[in-house]
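Each remark here refers to the structure printed beneath this line.
Residues take their numbers from the sequence shown, with the count starting at 1. Read the numbers this way: they start at 1 and go in the same order the structure lists the ligands and their atoms.
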Amino acid sequence: MEGDPFQLSTEVADALAGGRPVVALESTIISHGLPRPRNHKAALEFEQLLRDQGVTPATIAVLDGVPQIGLDADGVRRIAEDELAKASVRDLPILAALGRSGATTVAATAHLASLAGIRVFATGGLGGVHRGAAETFDESADLPTLAENPVTVVSAGVKSVLDIGATLERLETLSVPVIGYRTTAFPAFWLRESGFELDWKVDSAEQVAAVMAARDARGSRTGIVLANPIPLEQQWDPAEHDRVLRTAFAAAEEAGVRGKAVTPFLLGYVVDASGAGASRSTSISPATTCGSLPRSRSPGRASRRAHERRAGRRDRRPHQRHRGRAARGDPPRHRYDRHDQARIRGSAANTATWLASRGVAVDFVAAVGSHDAAFHEEELREAGVTPHLQVEIGVPTGTIIIVVQGAQRSMLTERGANSLLRSASVTDELLAGAHLLHVSGYSVVDGFGVAGTRSLLGRAADAGVPVSVNPGSIGFISDFGVERFLEAIRGARLLFLSADEATLLTGEDDADAAARMLAASFPLVALTRGERGVLVVADGAAPVPVPARSVRAVDPTGAGDAFIAGFLDAWLRTADPIAAAEAAVYVAARAVMVIGGRPPV
Ligand SMILES: O=c1[nH]cc([C@@H]2O[C@H](COP(=O)(O)O)[C@@H](O)[C@H]2O)c(=O)[nH]1
Ligand SMILES: [Mn+2]
């Protein structure tokens, strides 16, 4: 059993090599946590939910002695149907030596994910300290494993079959950060609150990224527990929850269940004892708790070596050489900050692809890391966009994490190469052929700066090209400085912004008043307000409300980007801002009905 410690599926290997988002999923929840045959469907659904977000799922299990990172259809079937051992970290060498198969727990999954360079892992509930552990010593290996593997585990908390208080105490002892997502109430999987309070919460995905980056910057290798409570509508009735749990414990006691059988027994009992519990345990999928998450930046040294070894075998890839160089060179630590989105799969790229899908010729300028430049080039071309990529050697292209919760979504981002985008990359030659220049605020704030943006807008003016700007994020415009931002984009013809952004730029809470104020500096302002529609202020006239289309929103990611594409397309053809807003609202409505930020293909 010499050789690779694990095997990557082609899909996962390609995604990792291309710097595309990968999220790990465990297999014990499928083989021992959910009843058959629904577990098979659930496994496929978990994967599909991630795929729908543009994330490559890496379901992990050991098959015939080899840890598999990413399963094919038969692998997924096997974890659902075969009698697999429940495999924790300590079982891995045994399975390897004997050529046996096992479904990996959170511990074993986190361990293998981290070896493979996957930094985000979505699951339902975390293992922990069992009730009565003072006598039984039954504490899940999930906890100590998280102390040693830099993987961010997103879950709906810890099920109340465990001793939640003791679990949190142990996580403290093990120095594993536990953070609530928009709440300090630690959730209990079926319930939004466990009665235990956390010290810390984050309100945005950017903050999670900042914590990960700060952890990395300190050379710390602990995992992070991010607790994201289930939506209120899905919460179990607390009284029924307590009743079912009491009977589950009594049944376990009576059956004399011990050791690693305890968790599966209790979970199975709860699911069987309650129809509601049953449907809940599948509807609360890993992907609901964490919409879509990427692989983050450079993997640790060990996994990098593993990558290189693997890359050495897959010699058809054009980027291998660069990967080696990136590994030897200076890791781009300083560039891993919480900004961004205007990356190649970010806001501006979304607008570009929506425009292209409407038949508009689009040149797209962006900076990318050398190792995946070819991939982005191809992807953009496939979407009908003409890429002009500024290629940076030894810098990652940048990644993005999107957490979707109903109509809300937050992002956490790493700018990577985009911080290096120069305004000169938008060449005079490109400007000469353009009807409009659309600038993402992300590039203004982290890339061009005030001077670079001023010079770009000056060259656009010289070429007679109107400029539109999408500020993009209030978080980092406020860091950059509102005054500086407004100075940078002075002279732009069109301003597209959300109500939040308008408030930040003007200090005015009222959308109407904010739009009027901005109209003093920008001839055409379109202020989008979600389902409340759009305010359009053109050439000093009074704001005109344009209603939103009422649609069943599936995913708001990219709606604003699509709106801009729809607006620009119509405005360039008709020069009528109200007609443009009406057209844009249709395009945005289409965008919220599909998952992801891009037009459906
Ligand atoms: O709410 C859940 N908790 C825990 C598990 C599974 O049980 C394992 C923990 O088992 P033990 O307590 O034996 O370590 C976890 O890693 C996970 O795979 C699960 O499916 N669902
Ligand atoms: Mn145990």
**Message:** Consider side chain to side chain contact (heavy atoms under 4.5 Å, CB included). Of T167, L168, L126, L146, which one does V178 pass it with?
**Reply:** L168

**Item:** From I29, V161, T28, L267 - option closest to atom 21 (N) of ligand 1 by heavy atom
**Value:** L267

**Prompt:** Heavy-atom distance to atom 3 (N) of ligand 1: which of G125, G157, G128 wins?
**Reply:** G125

**Request:** Would you mind checking if R36 and E81 are paired as a salt bridge, meaning a charged N to carboxylate O distance below 4.0 Å?
**Result:** no

**Asked** What residue and atom, counting heavy atoms only, is the protein's closest point to atom 14 (O) of ligand 1, and at what distance?
**Response** S140 OG, 2.7 Å

**Prompt:** Is the Mn ion (ligand 2) less than 2.8 Å from at least one N/O/S atom of E139?
**Reply:** no

**Prompt:** Within less than 4.0 angstrom of ligand 1, does H32 place any heavy atom?
**Reply:** no

**Proximal ligand 1 atoms for K86, defined as those under 4.0 Å from one of its heavy atoms** = 10 (O), 11 (P), 13 (O)

**Prompt:** Can a non-hydrogen atom of E139 be found less than 4.0 Å from any atom of ligand 1?
**Reply:** no

**Message:** Show me which atoms of ligand 1 lie under 4.0 Å from any heavy atom of K159.
**Reply:** 1 (O), 2 (C), 21 (N)

**Item:** Proximal ligand 1 atoms for E26, defined as those under 4.0 Å from one of its heavy atoms
**Value:** 17 (C), 18 (O)

**Prompt:** Applying a 4.0 Å heavy-atom criterion (strictly less than), which segment of T263 is in contact with ligand 1: side chain, backbone, both, or neither?
**Reply:** side chain

**Prompt:** For ligand 1, which atoms have a heavy atom of D142 less than 4.0 angstrom away?
**Reply:** 9 (C), 15 (C), 16 (O)

